Amino acid sequence: MVPEPEEPASYEAVDLGLPSGLKWANMNVRASKPEEYGDYFAWGELSSKDSYIDSNYKFGGEVMSKYNSTDGLMQLLSVDDIAHISLGDSWHIPTKDDVSELIENTTSEWIADYNSTGVSGRLFTGVNGNSIFIPASGCISGEEHLGNAGYCQAWSSSLSTSNEARALCLYFDAEQVFRASDFRNQGFVIRPVKY
């Protein structure tokens, strides 16, 4: 079942003064405010679920059934992009280059208690002074919510070039921010972007 588009007006496209002109949403997919985690998704799936394991992963199995060495697809297609499907317009999941651009062209600081909500995460501020807050939402592996409030993993739309069972993501904790990879069947949050 394909989800109905949300009302995009509640999502603000924040201009961080990035070289590409890309704008980052002010909140995660299925959140209603910046400090909310929103829903968790396995890479390329269109709905959240109770358990994130290989046996219930849409493209899982002995060999990945899509986005693999046979089909050569290295980026999520729009039909598998929950940001595009949920929000419509030109919203999409950021690519690996978009994640790198955010890291390299903003300053970020760990916030232990964002706006007195009790939520920790990172505030990314662009050269133009605009900023976005991304909460430390951890991830879901199997049925276990890991790293809650200690770190964040947010999917990119890019497949790992070294292992087709993995995709790239934004990772941060209180000490560092970098681009990482993890298994596609894990449940991560998604921060949409648009031009």
Side-chain angles (χ1 to χ4, degrees), residues 1-6 11 25 27-32 35-88 91-100 119-122 134-173 176-193:
M1 186 172 84
V2 176
E4 289 293 314
E6 296 174 18
Y11 285 79
M27 58 189 147
N28 292 342
V29 169
R30 302 268 168 77
S32 59
E35 64 270 20
E36 287 184 359
Y37 296 166
D39 282 355
Y40 293 75
F41 300 89
W43 192 78
E45 292 192 345
L46 303 179
S47 58
S48 57
K49 51 192 178 183
D50 294 329
S51 178
Y52 293 83
I53 54 178
D54 192 52
S55 63
N56 72 8
Y57 176 52
K58 178 179 179 179
F59 305 121
E62 287 294 316
V63 178
M64 294 292 124
S65 63
K66 188 174 181 182
Y67 302 101
N68 55 43
S69 56
T70 303
D71 62 30
L73 296 172
M74 298 300 291
Q75 289 289 136
L76 283 176
L77 302 174
S78 59
V79 295
D80 298 317
D81 185 325
I82 186 58
H84 177 71
I85 298 234
S86 288
L87 302 175
W91 289 104
H92 59 278
I93 299 172
T95 66
K96 64 179 182 178
D97 293 337
D98 297 337
V99 170
S100 294
V119 176
S120 58
R122 278 199 171 269
I134 303 179
S137 51
C139 73
I140 301 178
S141 180
E143 297 176 5
E144 188 176 0
H145 193 168
L146 305 173
N148 187 17
Y151 66 85
C152 175
Q153 285 179 275
W155 283 127
S156 83
S157 61
S158 303
L159 193 65
S160 168
T161 55
S162 60
N163 183 343
E164 67 184 33
R166 299 174 76 96
L168 301 177
C169 63
L170 168 67
Y171 175 92
F172 67 75
D173 57 26
Q176 55 193 340
V177 184
F178 56 89
R179 199 178 74 193
S181 76
D182 211 327
F183 289 103
R184 291 160 54 174
N185 60 3
Q186 303 297 297
F188 293 178
V189 296
I190 300 205
R191 179 58 62 102
V193 295

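Since the structure is predicted, the reported quantities are computational estimates derived from the model, not experimental observations. Values below: every heavy atom of this structure, side chains too, minus hydrogens, waters and symmetry copies.
- Side chain of Asp81 to main chain of His84: a donor-acceptor pair is present (N/O by atom type, distance under 3.5 Å, no hydrogens or angles).
- From Asp50, atom CG reaches atom CD1 of Ile140 across 9.0 Å, with rounding to the nearest 0.5 Å.
- Inter-residue side-chain proximity for Tyr37 and Cys152 is flagged as unmet; no heavy-atom pair is nearer than 4.5 Å.
- A distance of 9.0 Å separates CG of Asn185 from CD of Glu45, quoted to the nearest 0.5 Å.
- A side-chain N or O of Thr95 and one of Asp98 form a donor-acceptor pair less than 3.5 Å apart.
- Looking at heavy atoms from C-beta onward, His92 lies in side-chain contact with Val193 at the 4.5 angstrom threshold.
- You'll find the ring centres of Tyr67 and Phe59 inside the 6.0 Å limit.
- Annotation for Ala25 and Arg191: closest pair O-NH1, 3.0 Å, computed over non-hydrogen atoms.
- Between the NZ atom of Lys96 and the CE atom of Met74 there is a distance of 6.5 Å, given to the nearest 0.5 Å.
- Annotation: side chain of Phe172 is in contact with side chain of Ile134 (closest heavy-atom distance under 4.5 Å).
- Here the shortest heavy-atom pairing between Thr70 and Asn68 reads N-OD1, 2.9 Å.
- Distance check: Cys139 SG to Asp182 CG gives 6.5 Å after rounding to the nearest 0.5 Å.
- How far SG of Cys169 is from CZ of Phe178: 8.0 Å, rounded to the nearest 0.5 Å.
- With rounding to the nearest 0.5 Å, the separation of OG in Ser141 from CZ in Phe183 is 10.0 Å.
- The two residues Arg184 and Glu164 come nearest to each other via the heavy atoms NH1-O, 2.6 Å.
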- Item | side chain to side chain contact (heavy atoms under 4.5 Å, CB included) between Tyr52 and Gln186, worked out | CA-CA 5 Å; Tyr52 293 83; Gln186 303 297 297; 5.6 Å; no
- Glu36 and Val119: CA distance, side-chain angles, deciding distance, side chain to side chain contact (heavy atoms under 4.5 Å, CB included) verdict: CA-CA 8 Å; Glu36 287 184 359; Val119 176; over 6 Å; no
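- In this structure, Lys49 contributes its side chain and Asn56 its backbone to a donor-acceptor pair below 3.5 Å.
- Closest heavy-atom contact between Ser157 and Gln75: OG-NE2, 2.8 Å.
- The closest donor-acceptor contact from the side chain of His145 to the backbone of Ser137 lies under 3.5 Å.
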- What do the steps show when you test Trp43 against Leu76 for side chain to side chain contact (heavy atoms under 4.5 Å, CB included), and what is the final call? CA-CA 9 Å; Trp43 192 78; Leu76 283 176; 3.5 Å; yes
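- The nearest pair of heavy atoms linking Trp155 to Leu168 is CE3-O, 3.6 Å.
- The two residues Gly138 and Tyr40 make their nearest non-hydrogen contact at O-CE2, 4.1 Å.
- Counted by atom type alone, Arg166 and Ser181 present one or more donor-acceptor pairs between their side chains at under 3.5 Å.
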- Passes side chain to side chain contact (heavy atoms under 4.5 Å, CB included), Ile82 versus Ile93? Steps please. CA-CA 8 Å; Ile82 186 58; Ile93 299 172; 4.2 Å; yes
